[in-house]
Amino acid sequence: MSSNMVAILYLISALLFIFALRGLSHPESSRMGNIFGVIGMIIAVFTTLMFKSVLSYYEIGAAILIGGAIGSFIALRIEMTALPQLVAAFHSLVGLAAVFVAAAAFYDPVAFSIGKVGSIKTASLVEMSIGTFIGAITFSGSVLAFGKLQGTISGKPIVFKFQHLINAVIFLLIIFLIILFVINQSPTIFWTIVIVSILLGFLVVIPIGGADMPVVVSMLNSYSGWAACGIGFTLSNNLLIITGALVGASGAILSYIMSKGMNRSIINVVLGGFGGEQDTSASKDNSDKIVKQGNAEDAAYIMKNADSVIIVPGYGMAVAQAQHALREMGDILKKEGIEVRYAIHPVAGRMPGHMNVLLAEANVPYEEVLELDEINHDFPMTEVSFVIGANDVTNPAAKTDESSPIFGMPILDVEKSQSVLFVKRSMATGYSGVDNELFYRDNTTMLFGDAKKMCEDIVKSLSA
Amino acid sequence: MEAHSSEVFVIGLTVFFLACIIGYYVVWSVTPALHSPLMGVTNAISSVIIVGAILAAGPQGFDTSKIFGLIGVVLASVNIFGGFLVTYRMLSMFKKKTKKTKETE
């Protein structure tokens with residue numbers, strides 16, 4: 001195949017990837033978008049297999065089959081609630097693959113026409129080592145994020161003295177190593193860069209707490225794109241550069257949206273240490289305030305007599321796997337002629353769009369699921385807000401209390417609805433460690449218990 | 001292909017910045033409800049890095065570079081199949097209101 005033909009096929013593949021992302025602007029067009037993505041990938045792989053230098057079809061075929069079987073098995077078996085972990089795990093593989101491709105290019109530069117062993121072009125060496133560096137960070141950062149999301153490692157931020165200084169020193173060390181590598185092209189230094197970058201990846205994610213994971217997962221998504229870009233520059237391959245840039249931009253925008261949803265800068269999230277129990281002394285003592293408790297029957301009664309209910313789900317719903325029971329509750333209410341809608345905060349859950357997927361899994365039509373901007377002005381006209389497994393995203397302190405760590409964060413105005421039902425396991429504070437004054441209001445009823453069990457009980461009371 | 005290496009780099013850089021701009025506009029048009037599938041798709045397409053891995057695994061015989069290439073192919077394939085399939089699963093769950101059932105009632 002001529003090099004022009006290759007370039008054209010790669011271009012088609014890149015365009016299909018762009019269409020794949022474009023399709024996600026609406027659920028209707030999204031499925032077609034995914035198919036575009038698949039076709040683009042098939043074209044890219046087959047075009048590469050047609051290269052004159054590519055001869056070992058059996059080995060490559062076997063490798064694709066092994067990887068494909070593992071990937072398919074995992075993707076088909078995974079529970080939707082475990083999606084954030086899965087995405088983190090997948091990111092780590094992209095990072096690792098980038099490191100291996102860079103290493104392969106370093107050991108056999110002729111195959112990539114970037115020079116000969118020991119005399120690789122300087123530009124290629126720089127690009128290669130940057131690709132390796134980002135790939136290795138993506139790998140270890142994602143592994144740690146996976147551990148935190150899966151619960152293997154504590155989700156609490158781990159902070160220690162001179163943390164940021166240590167990271168800065170390691171970063172400078174890596175730059176120094178890259179310069180050294182470009183000069184003497186030693187394999188030892190190449191692998192030292194890999195190891196030190198892996199260490200830095202761990203250190204960067206370690207101080208970031210569980211609920212900040214949406215930002216971390218998006219950021220690692222972005223890194224995996226930049227790693228692909230780095231490799232693309234090394235191989236002078238436009239397809240890799242374009243795709244890497246698309247993914248990198250996507251992850252960066254998601255990180256931005258997520259940080260904005262918490263009114264914090266990306267830098268602030270990355271520096272970490274947020275949430276945890278360090279400033280409990282600052283919060284007001286609410287132990288003497290009265291909390292109105294209710295049970296499933298009370299909740300059923302309140303909702304049955306309402307005209308409109310807005311359901312606000314949070315990470316607690318995902319943990320309890322309550323989405324199906326919740327949808328059943330919503331269905332019964334709808335049959336009674338009550339308007340039921342769902343309000344999603346941008347940072348609800350552990351990855352962008354997490355709640356939307358879970359509700360979709362439970363067969364909630366997407367027209368009933370609304371974003372913060374779309375639904376927030378409807379709370380004053382709403383009789384009941386049903387908050388399930390969410391806390392900080394409804395806390396009015398974000399608007400009123402300037403000393404609060406969550407001050408300025410956009411919240412769902414559940415306080416403006418006539419009454420609020422809170423499904424929670426206990427009175428414990430949310431991730432931010434801030435007490436929610438909403439719990440003590442007259443029109444708030446606390447429903448203590450497991451979210452799924454509570455929804456099932458409400459369903460029973462409603463149908464009784 | 002015989003272009004001077006700095007020229008190749010500048011072309012790459014041009015492509016890179018233009019792609020970033022396209023990415024910026026395309027991603028902002030993605031509806032927030034589909035942000036999880038967006039991560040699934042981007043995860044799958046970033047594994048286009050498999051192209052590099054195939055090139056490394058291509059030559060006959062066995063050397064270090066080829067083994068690295070094959071490992072790269074396996075890793076990227078996990079992502080490609082896994083990423084597209086999990087996205088497919090997510091997207092097939094996003095459904096419209098079923099109006100027919102209401103009419104029959």
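All chains are named by letter (A, B, ...) in the order of the sequence lines, taking the proteins before the strands, and each is independently numbered beginning at 1.
Residue contact with chain B, scored on non-hydrogen atoms closer than 4.5 Å, involves the side chain of A:Tyr256 exclusively. Residue B:Ile49 touches chain A through both its backbone and its side chain, counting heavy-atom pairs closer than 4.5 Å. Within the 4.5 angstrom heavy-atom criterion, no atom of A:Val369 approaches chain B. Within the 4.5 angstrom heavy-atom criterion, atoms from both the backbone and the side chain of B:Leu13 approach chain A. Only the side chain of A:Phe51 comes within less than 4.5 Å of a heavy atom of chain B; its backbone N, CA, C and O stay farther away. For A:Leu254, the part lying near chain B is the side chain, with the backbone staying farther off; criterion is any non-hydrogen pair under 4.5 Å. Both the backbone and the side chain of A:Val217 come within less than 4.5 Å of a heavy atom in chain B. Contacts between A:Leu359 and chain B at a heavy-atom distance below 4.5 Å are absent for every atom of the residue. For a residue to count as touching a neighbouring chain, one of its non-hydrogen atoms must lie under 4.5 Å from one of that chain's; by this rule A:Ile257 touches chain B with the side chain only.
With contacts defined as side-chain heavy-atom distances shorter than 4.5 Å, the pair A:Ile242/B:Val15 qualifies. Side-chain contact between A:Met351 and B:His35 is absent, with no heavy-atom pair separated by less than 4.5 Å. Looking at heavy atoms from C-beta onward, B:Leu38 lies out of side-chain contact with A:Pro352 at the 4.5 angstrom threshold. Taking 4.5 Å as the limit, some side-chain heavy atom of B:Phe81 sits within range of a side-chain heavy atom of A:Ile64. Put simply, the side chain of B:Leu91 reaches to within 4.5 Å of the side chain of A:Leu24, judged on heavy atoms. Under the 4.5 Å side-chain criterion, counting only non-hydrogen atoms from C-beta, B:Leu34 is in contact with A:Pro27.
Here A:Ser72 is the residue among A:Cys229, A:Ala102, A:Ser72, A:Ala98 with the most heavy-atom pairs under 4.5 Å with chain B. Of the residues considered (A:Asn363, A:Ile70, A:Asn221), A:Asn221 shows the highest number of contacts with chain B, using heavy-atom pairs under 4.5 Å. In terms of non-hydrogen atom pairs under 4.5 Å with chain B, the most contact-rich of A:Ile74, A:Asn238, A:Ile114 is A:Asn238. Most heavy-atom pairs under 4.5 Å with chain B, from the set A:Leu65, A:Leu49, A:Val87, A:Val101: that is A:Val101. With respect to chain B, the highest number of heavy-atom pairs below 4.5 Å among A:Ala249, A:Gly349, A:Ala245 belongs to A:Ala245. Contact count against chain B (heavy-atom pairs under 4.5 Å) is highest for A:Thr243 among A:Leu246, A:Leu370, A:Thr243.
Checked against side-chain hydrogen bond (donor to acceptor under 3.5 Å, both in side chains), B:Asp63 has no partners two or more places apart in sequence or in another chain. Every residue was checked against the side chain to side chain contact (heavy atoms under 4.5 Å, CB included) condition with A:Ser113, not counting sequence neighbours, and none meets it.
The distance from the OG1 atom of B:Thr42 to the CZ atom of A:Phe17 is 11.5 Å, given to the nearest 0.5 Å. Atom OG in A:Ser250 sits 11.0 Å away from atom CH2 in B:Trp28 (nearest 0.5 Å). B:Ile45 contributes atom CD1, which lies 4.5 Å from atom CG of A:Leu21 (distance to the nearest 0.5 angstrom).
Note: A:Tyr107 and B:Phe68 have perpendicular aromatic rings, judged against thresholds of 30 and 60 degrees for the angle between ring planes.
The two atoms that bring A:Ser56 and B:Pro59 nearest to each other are OG-O, 3.8 Å, heavy atoms only.
A donor and an acceptor atom, one from each side chain of B:Ser29 and A:Arg22, are located under 3.5 Å apart.
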